[in-house]
Amino acid sequence: MKAFTWGGVPMKKISTALFAGVLALGLAACSQKPNFAGSGSGSGDYPSRAVTMVAPSGAGGGWDQTARSISKVLQESKLVNQSVIVENKPGGGSAVFLAEYATQEAKNDYKLFVNSPPLLINHLKKEGNSPFGYTDVTPLAQLTKDYGVYVVKADSPVKDLPSMLAELKANPTKYTLAGGSAPGSMDHLIAILPAYQSGIDAKKLKYVSYDGGGEAIAALLGGNVDIIATDASAVGEYKKAGKVRVLAVTAPERLGGELQDVPTLKELGINHAEFTIWRGVFGPKEMTPEAKKFWDGKLKALSEHEAWQKELEAKGWQSEYKNSDQFTAFLKEQDQQVLELLKALGMSK
């Protein structure tokens, strides 16, 4: 049988050459590591472009300041060679952003975010607005800490927390408690914590919410409420000026500075009543091992850097670094504490 030819070349030879070419291309393609858009994907050069650090709030708040301080130090210290761009995504106490992030950005190594205890509270509260919690993202590092304090006016008849709790046990509505967040939110949980641990029915306590800690302090100084629960970092100047008396702090040990004479709840005989107001950095749930390892190292280096220490001092923040594993274990514990307090208020899901 006569062999088929094309341009004088036997087809058999052309077929063999084409097959060899296709095979070579396939092997070359297989040898390349994939580089999916939006992920670190093990390419060995993460990060190869700008990283976004989301503050799930408007400009000027705690999350925004934290994100901008992290971005500033990472870039000015050359810890990260790529740009770290801060993006504000306000809405629902981070719930709007988190819903989008958990469902649409689960593999995006190039988008991180900052958060604090509302990440847990909004997920566990009956009327919370987030179906997502810390298990739907990757905790990367805790960087700062603060604690709750119990504050009365300097001329208040309430002299100490144990005597106030004794009066509340006899009459839970005698005093009006207040904070700068909504019922069931962080200040409310801190406000009822010592009463709950002292056997008082938390549902019977009177709590008034204000739009931020500043307004809560103004209400206290104006005589509109009896005691407020707020951040320890927010009251030092008022105490120094002789305007308030700080009854107790939710820290495991006494703080320094203006609050060095303030007892812890444990000192006052109230156990299981520590509460840390942390701020930390998170990544997507399906973050690649390469990207997670990168940030584990870089955020630790940031926490030890002189430029970060200056940011902490300028902002009045306290440093507390936990790596990814430590942070995740801590969040698991606080998640259970938040759930217990919400149940005591009848406000858990």
Side-chain angles (χ1 to χ4, degrees), residues 61-62 93 115-122 124-125 142 144-152 158 160-162 164-165 168 175-198 200 202 205 207-210 212-217 219-220 225-239 244-280 316-318 320 330-331 333-342 344-345 347:
N115 220 287
S116 55
L119 176 70
L120 312 180
I121 297 167
N122 289 341
L124 297 170
K125 193 167 64 168
Q142 177 186 333
T144 70
K145 65 178 178 180
D146 201 349
Y147 297 100
V149 286
Y150 304 91
V151 187
V152 296
V158 177
D160 58 73
L161 194 65
M164 189 196 79
L165 291 172
L168 286 175
Y175 295 111
T176 299
L177 288 65
S181 62
S185 296
M186 188 163 62
D187 285 357
H188 190 190
L189 298 188
I190 292 172
I192 64 118
L193 178 59
Y196 168 71
Q197 295 294 2
S198 301
I200 299 168
L205 298 172
Y207 175 80
V208 178
S209 63
Y210 289 90
E215 289 194 15
I217 290 176
L220 178 73
V225 296
D226 299 305
I227 180 170
I228 64 168
T230 190
D231 301 355
S233 60
V235 300
E237 291 303 311
Y238 294 95
K239 184 175 183 295
V244 302
R245 186 161 58 252
V246 185
L247 304 181
V249 61
T250 66
E253 56 189 28
R254 290 197 181 196
L255 305 179
E258 288 297 324
L259 304 183
Q260 60 185 331
D261 61 340
V262 177
T264 67
L265 290 175
K266 187 173 183 179
E267 283 183 72
L268 299 177
I270 305 167
N271 296 316
H272 311 294
E274 293 178 15
F275 195 97
T276 302
I277 303 169
W278 51 267
R279 286 193 191 130
W317 299 336
Q318 291 191 62
E320 178 150 280
F330 166 75
L331 291 172
E333 292 178 3
Q334 192 175 64
D335 202 55
Q336 289 303 306
Q337 181 187 26
V338 168
L339 180 60
E340 184 179 350
L341 291 171
L342 287 171
L345 288 168
M347 299 179 74

(request) State, yes or no, whether a side-chain contact exists between Met186 and Leu189 at a heavy-atom distance under 4.5 Å. (result) no

(request) For the residue pair Ile190 and Tyr150, establish whether any side-chain heavy-atom pair is separated by less than 4.5 Å. (result) yes

(message) Give me each pair satisfying side-chain hydrogen bond (donor to acceptor under 3.5 Å, both in side chains) with a member in residues 244-253, each pair once, sequence neighbours excluded.
(response) none

(message) Among Lys125, His188, Gln337, which residue satisfies the side chain to side chain contact (heavy atoms under 4.5 Å, CB included) criterion with Leu342?
(response) Lys125

(message) So does Trp278 get a backbone contact from the side chain of Glu320, meaning a donor-acceptor N/O pair under 3.5 Å?
(response) no

(request) Tell me, please, which residues at least two apart from Tyr207 pass side-chain hydrogen bond (donor to acceptor under 3.5 Å, both in side chains). (result) none

(message) Please enumerate all residues that pass side-chain contact (heavy atoms from CB on, under 4.5 Å) together with Glu215, with sequence neighbours excluded.
(response) Tyr210, Asp211

(message) To the closest 0.5 Å, what do you measure between CZ (Phe330) and NZ (Lys145)?
(response) 10.5 Å

(request) Could you list the residues that satisfy side-chain contact (heavy atoms from CB on, under 4.5 Å) with Ala273, not counting sequence neighbours? (result) Leu193, Gln197, Leu265, Ile270

(message) How about CZ on Phe275, more than 12 heavy atoms from neighbouring residues, nucleotides or ligands closer than 6.0 Å, or not?
(response) yes

(message) According to side-chain contact (heavy atoms from CB on, under 4.5 Å), who are the partners of Glu267, at least two apart in sequence or on a separate chain?
(response) Arg254, Pro263, Thr264

(request) May I ask you to decide if Val246's main-chain N or O and Lys239's side chain share a donor-acceptor pair within less than 3.5 Å? (result) no

(message) Does any part of the side chain of Ile192, heavy atoms only, come nearer than 4.5 Å to the side chain of Leu345, both counted from C-beta?
(response) yes

(request) Name all residues meeting the side-chain contact (heavy atoms from CB on, under 4.5 Å) criterion together with Asp231; count only those two or more places apart in sequence or in a different chain, and write none if there are none. (result) Asp146, Asp187, Ser233, Ala234, Ile277

